[in-house]
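To keep things clear, I will list the structure first and then write my remarks on it.
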Amino acid sequence: MKIENQGLCLSISEIPELTSVNSGHFRDELRAVLPGSPSVIEIDLSETRFVDSSGLGALFALYRATAERSGVILRLLNPRPEVQQLLELTQMQQLFEIVQR
Amino acid sequence: MKALLICPSIRPAVPQLAENGPLATAPVLGGCVASHWIEHLAVLGAREVTLIAADRPDQVEADLGNGSRWGVDIKVLAVGSEPSPGEAAARYRQEGDAMWLPAPHDVVLMSHLPGCAELPLFESYASWFAALRAWMPRAVTPARIRMSEIRPGIWAGHRAHVSSTAELIAPCWIGDQVFVEPGAIVGPDAILEDRSVVEAEARVTQSWVGPDTFVGPMTSVASSLAWGSSLTNWLSESSLRVPDPFLLCSLAPPTAPHPIKQIVREAETPIRQLGLPPDWIARWPLPVRRGRHSPHAL
């Protein structure tokens, strides 16, 4: 997983999967950089092939953390079709701004 | 009267539909593709129906039985590859015309539902869903006594349990022994096959939910085919195996194949690929099987 802090934009990429194996690490890493008060958080899911409920839980935890800070935009970039399907199944696509670039 | 039904073998456009069984036995509104055809042919006067199956013929035979429920005799012929209707007619339709149903019902490739030739079943997931959606009003036949139209455009099995706080939006089909829990929204254009469960606050719209499928609470199945843990979006053709059973899973008990049957099936596959009938060894003369023959005699 790669985290880039570009001033006001926090970019997270190179996530091959988001499952019970690495969702704890994902949460810890983001918890460490969130106090930097980014105004935009972009999570690039283009390389993410597999997400389970633990991964969805980590995304939801991030959503809640950013919802407490007014004005923070949380974007999911380029989710693969199967990940998009899982977001739709769980209705989590309503929480995030999903962008295909 | 006789008729031949050709079971479609694997279609590359719809692999998910053939995961649990051959396409001929793919579930369609309380029956399967083959059962709707047999029922249709029985109404036309067929009394002997022969199914030509290249894909898992033993499963076709097991699912359909001997045909007594439709008042017909069913025979399943295992073949190496799917014949065209012309090939099947030339090979198997050898008796006089009077013995057979009139064309085109004498030899039928089950690539669509009866009377819906303009809606092919297996060209894509979208075509499968379109065919099933169009079939909804036709699926209630006099033979299906446990199904009725409870409101205009809403069909439900008599043993279905629909919560009083669930919302049904026409058109939709709710099969037998289906549970629709409180707050769930079903429809429009939703098909819930037999024994499926739609949990509380879940939503199923423009989708087909296969038999014995659990749709978890607060989930949303939209523009999709959900069967067991497999979820296919018929618009994007994207497929997903849902990893968490509380979201989507199969309620059917797991069935392990009998070890002997599994060995026989694995041995039969290369034999079928050679185009030989599965009982080819039994057709050899006894001396040949004992090795007392000249190789040139074959």
Worksheet item: Which one, V221(B), V215(B), L247(B), leads in non-hydrogen pairs under 4.5 Å with chain A?
Response: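 Top count of heavy-atom pairs under 4.5 Å with chain A: L247(B).
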Worksheet entry | chain A interface, residue from V242(B), L248(B), L240(B) that has the most non-hydrogen pairs under 4.5 Å |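 Among V242(B), L248(B), L240(B), the one with the most close pairs to chain A is L240(B).
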Discussion item. I'd like to check the side chain to side chain contact (heavy atoms under 4.5 Å, CB included) partners of A190(B); sequence neighbours left out, ordered by chain and number.
Written reply: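 With neighbours one apart ignored, the set is C172(B), V186(B), V204(B).
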Practice prompt. Verify the neighbour count for atom CE of M92(A): are there more than 12 heavy atoms of other residues, nucleotides or ligands below 6.0 Å?
Written response: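 Atom CE in M92(A) is packed in, count exceeds 12.
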Item to complete: Under 4.5 Å heavy-atom distance to chain B, tell me which part of V83(A) shows up: side chain, backbone, both or neither.
Response: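 Nothing of V83(A), per the 4.5 Å heavy-atom cut-off to chain B.
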Worksheet item: According to the ring pair (Phe, Tyr, Trp, His ring centres under 6.0 Å) rule, which pairs have a member within residues 72-91 of chain A, sequence neighbours left out?
Response: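 Counting only pairs at least two positions apart or across chains, no ring pair (Phe, Tyr, Trp, His ring centres under 6.0 Å) contact touches residues 72-91 of chain A.
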Chain A/chain B interface donor-acceptor pairs under 3.5 Å:
unit_1: S53(A); atom_1: N; unit_2: D244(B); atom_2: OD2; d: 2.7
unit_1: S53(A); atom_1: OG; unit_2: D244(B); atom_2: OD1; d: 2.9
unit_1: S53(A); atom_1: OG; unit_2: D244(B); atom_2: OD2; d: 3.4
unit_1: Q85(A); atom_1: OE1; unit_2: S238(B); atom_2: OG; d: 2.8
unit_1: Q85(A); atom_1: NE2; unit_2: L231(B); atom_2: O; d: 3.2
unit_1: Q85(A); atom_1: NE2; unit_2: S238(B); atom_2: O; d: 3.3
unit_1: L89(A); atom_1: O; unit_2: S220(B); atom_2: N; d: 2.7
unit_1: Q91(A); atom_1: NE2; unit_2: M218(B); atom_2: O; d: 2.9

Item to complete: With sequence neighbours left out, write down each residue that passes ring-ring contact (aromatic ring centres under 6.0 Å, His included) with F246(B), or none if nothing qualifies.
Response: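 For F246(B), no residue satisfies ring-ring contact (aromatic ring centres under 6.0 Å, His included) once neighbours in sequence are set aside.
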